[in-house]
Amino acid sequence: MTRTTDRRLGILLGKAVGDALGCGTEFQTPEQIRERYGVVDGYVQGVNHGFAPGEFTDDTQMALCTLGGYWDMQLRGEQLLDATLRRFQEWRG
């Protein structure tokens, strides 16, 4: 892999990890988080959609669809919008 590819993969991995870390407290106020968990220092069960500790959300999945569309554009010569839309449709299945 090239250095640029390594960096891009690192960005995606960091995004997925950050999303998974925040998933369990998403849409809660700091007071609600403290009441439910005390101090959060790791992955916790998601309250809003039943996400498992460490599971990322649709935010990461949509980023993967967008990047997949870009990948398909590069490899298959598809139009970016068409490729990305197809990825989203496949994901939503």
Side-chain angles (χ1 to χ4, degrees):
M1 276 192 261
T2 68
R3 186 174 181 175
T4 301
T5 300
D6 284 347
R7 287 181 176 182
R8 288 177 180 161
L9 290 174
I11 290 167
L12 182 57
L13 179 60
K15 191 257 177 287
V17 169
D19 186 27
L21 279 168
C23 175
T25 57
E26 190 172 38
F27 305 118
Q28 296 176 59
T29 66
E31 292 77 22
Q32 290 170 321
I33 295 167
R34 267 192 304 280
E35 186 176 306
R36 181 179 293 270
Y37 302 109
V39 175
V40 177
D41 60 0
Y43 296 107
V44 295
Q45 178 73 37
V47 206
N48 295 306
H49 300 289
F51 287 104
E55 184 176 2
F56 59 74
T57 71
D58 61 327
D59 297 343
T60 297
Q61 191 60 52
M62 289 186 286
L64 291 170
C65 289
T66 302
L67 291 170
Y70 179 76
W71 181 263
D72 292 342
M73 178 187 76
Q74 297 293 316
L75 291 180
R76 300 179 183 178
E78 293 182 65
Q79 293 294 315
L80 179 58
L81 183 59
D82 294 337
T84 304
L85 178 60
R86 183 178 46 74
R87 289 284 185 138
F88 274 104
Q89 289 171 328
E90 289 169 357
W91 167 57
R92 293 302 296 163

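Heads up: numbering here begins at 1 and tracks the sequence. The model shown is predicted, which means the values in this text are computed figures rather than measured ones.
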[atom1]/[X] to [atom2]/[Y] distance, rounded to the nearest 0.5 angstrom?
X	Y	atom1	atom2	answer
T5	R8	OG1	CZ	6.0 Å
T29	R34	OG1	CZ	8.0 Å
D82	R87	CG	CZ	13.5 Å
C65	W91	SG	CH2	6.0 Å
T4	L9	OG1	CG	11.0 Å

T25 side chain vs G22 backbone, donor-acceptor pair below 3.5 Å: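 Yes, T25 side chain to G22 backbone: donor-acceptor pair under 3.5 Å.
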Closest approach of D72 to A83 (non-hydrogen atoms, all atoms of both residues):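 So the minimum-distance heavy-atom pair works out to CB-CB, 3.8 Å.
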Considering all heavy atoms of both residues, which atom of M73 and which atom of E78 are nearest to each other, and what is their separation?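 Scanning both residues completely, I find the closest heavy atoms to be CG-O, 3.1 Å.
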Close side-chain approach of Y70 to L80, heavy-atom, < 4.5 Å: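 A side-chain contact exists here, since the closest heavy-atom pair is under 4.5 Å.
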Check: residues 36-44 side-chain donor-acceptor pairs under 3.5 Å, at least two apart:
unit_1: Y37; atom_1: OH; unit_2: G24; atom_2: O; d: 3.3
unit_1: Y37; atom_1: OH; unit_2: Q45; atom_2: O; d: 2.9

CD/Q79: more than 12 non-hydrogen atoms of other groups inside 6.0 Å: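 Not more than 12 within 6.0 Å, no.
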Are L67 and L75 grouped together when hydrophobic residues (ILVMFWY) are joined by side-chain heavy atoms under 4.5 angstrom apart?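 Different hydrophobic clusters.
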Got a list of side-chain donor-acceptor pairs under 3.5 Å for residues 55-63, not counting sequence neighbours?
unit_1: E55; atom_1: OE1; unit_2: A52; atom_2: N; d: 2.9
unit_1: T57; atom_1: OG1; unit_2: D19; atom_2: OD1; d: 2.9
unit_1: T57; atom_1: OG1; unit_2: D19; atom_2: OD2; d: 2.8
unit_1: T57; atom_1: OG1; unit_2: D59; atom_2: N; d: 3.1
unit_1: T60; atom_1: OG1; unit_2: D19; atom_2: OD2; d: 2.7

Who pairs with E35 by side-chain contact (heavy atoms from CB on, under 4.5 Å), at least two apart in sequence or on another chain?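 Scan of E35 (side-chain contact (heavy atoms from CB on, under 4.5 Å), adjacent residues dropped) gives none.
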